[in-house]
Undergrad: 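I am attaching a structure below and will ask some questions about it afterwards.
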Amino acid sequence: MPTALIIGASRGIGHELARQYRADGWRVIATARQAHDLAQLTQLGAEAHALDVTDAEAIAGLAWKLDDERIDAAWLVAGLYGPRTDGFPTQDDFDAVMHTNVLAAMRLLPIVAPLVAGTRGKLGVLSSRMGSIGARNGTTGSLYRASKAALNSVLRDTALTFGPQGATCIAFHPGWVQTDMGGASAAISVEDSVRDLRATLARATLDANGTFLNHDGDPIAW
Ligand code: NDP
């Protein structure tokens, strides 16, 4: 039975990833930060671990728990949009968005990628087209955009380090998805986005290591 690890599975895209992998008979290890979300994940049949991705000690605890795991598919999903208004960012907004979307990835990916390399597996991070510099045609959400551009840089470093060890590491845009973050008028359902994300990750080979892909597999400019 293959094993999936999903970091940030309380709701939205992460929760749907956990649900679909379980429905397909995978073993699922999933994280959330609230007790009631952990209980829901356990009810789904997942092995649930508490994790706030901004908590360095909690990350060290997770690393210890995952020590000899072999992960076939890992997803770093937890993310924060931050302020819905643009302009002078407060220190608190900057820290919250950058710590959740960037610092957490810098800490978690070096822990997760070796577990994936051990199975010659795949690792996806939930980036966003809004983080693309090459394809940028708007400026709303500039703090979020900057954080996802930085996340893409972290993903490229991860791919350079762990690709040669066998891990296929990819940054994904999930589409504009109907979740709390995307809102009810978003373009696609969470079920369809996650079905695409899983299929695209499943068919990716090491040639795709270090790429930035739309949920359907189309490449996106960095
Ligand atoms: P949601 O806002 O619906 O869910 C966000 C998830 O991130 C929740 O599970 C939340 O947990 C978790 N999270 C946030 N901060 C932390 C933290 N400090 N520690 C642990 N978990 C945390 O977002 P989506 O499901 O829509 O988005 C998932 C990912 O996809 C994000 O990275 C997002 O940037 C990206 N994305 C989404 C798009 C969309 O249209 N929806 C478009 C492009 C990218 P909790 O419930 O505890 O708050």
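All heavy atoms count here, side chains included; hydrogens, waters and symmetry mates do not. In listed order, ligands and their atoms are each counted from 1.
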Undergrad: Does any N or O in the side chain of T179 come within less than 3.5 Å of the main-chain N or O of M181, such that one atom is a donor and the other an acceptor?
TA: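 Yes, the answer is positive, given that a donor and an acceptor are paired below the 3.5 Å cut-off.
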Undergrad: Quick check: do T140 and R145 have side-chain heavy atoms less than 4.5 Å from each other?
TA: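 They are in side-chain contact.
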Undergrad: Do E69 and R27 meet the salt-bridge criterion of a basic N to acidic O distance under 4.0 Å?
TA: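 Yes, R27 and E69 are salt-bridged.
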Undergrad: Taking only residues two or more places apart in sequence, or in another chain, which ones meet A58 in a side-chain contact (heavy atoms from CB on, under 4.5 Å)?
TA: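 With sequence neighbours excluded, A58 shows a side-chain contact (heavy atoms from CB on, under 4.5 Å) to L51, D55, given in chain and number order.
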Undergrad: List in chain and number order the residues that pass side-chain hydrogen bond (donor to acceptor under 3.5 Å, both in side chains) with D92, two or more places apart in sequence or in another chain; answer none if no residue qualifies.
TA: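 For D92, no residue satisfies side-chain hydrogen bond (donor to acceptor under 3.5 Å, both in side chains) once neighbours in sequence are set aside.
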Undergrad: Using a 4.0 angstrom limit on heavy atoms, which residues are close to ligand 1?
TA: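 Its neighbours under 4.0 Å (heavy atoms only) are G8, S10, R11, G12, I13, R33, L51, D52, V53, T54, V77, A78, G79, T100, L126, S127, S128, Y144, K148, H173, P174, G175, W176, V177, T179, D180, M181, G182, given by chain and number.
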Undergrad: Side chains of residues 154-163: which donor-acceptor pairs under 3.5 Å do they make with residues two or more places apart or in other chains?
TA:
from : atom 1 : to   : atom 2 : distance (Å)
R156 : NH1    : G210 : O      : 2.9
T158 : OG1    : V154 : O      : 2.8
T161 : OG1    : D157 : O      : 3.0

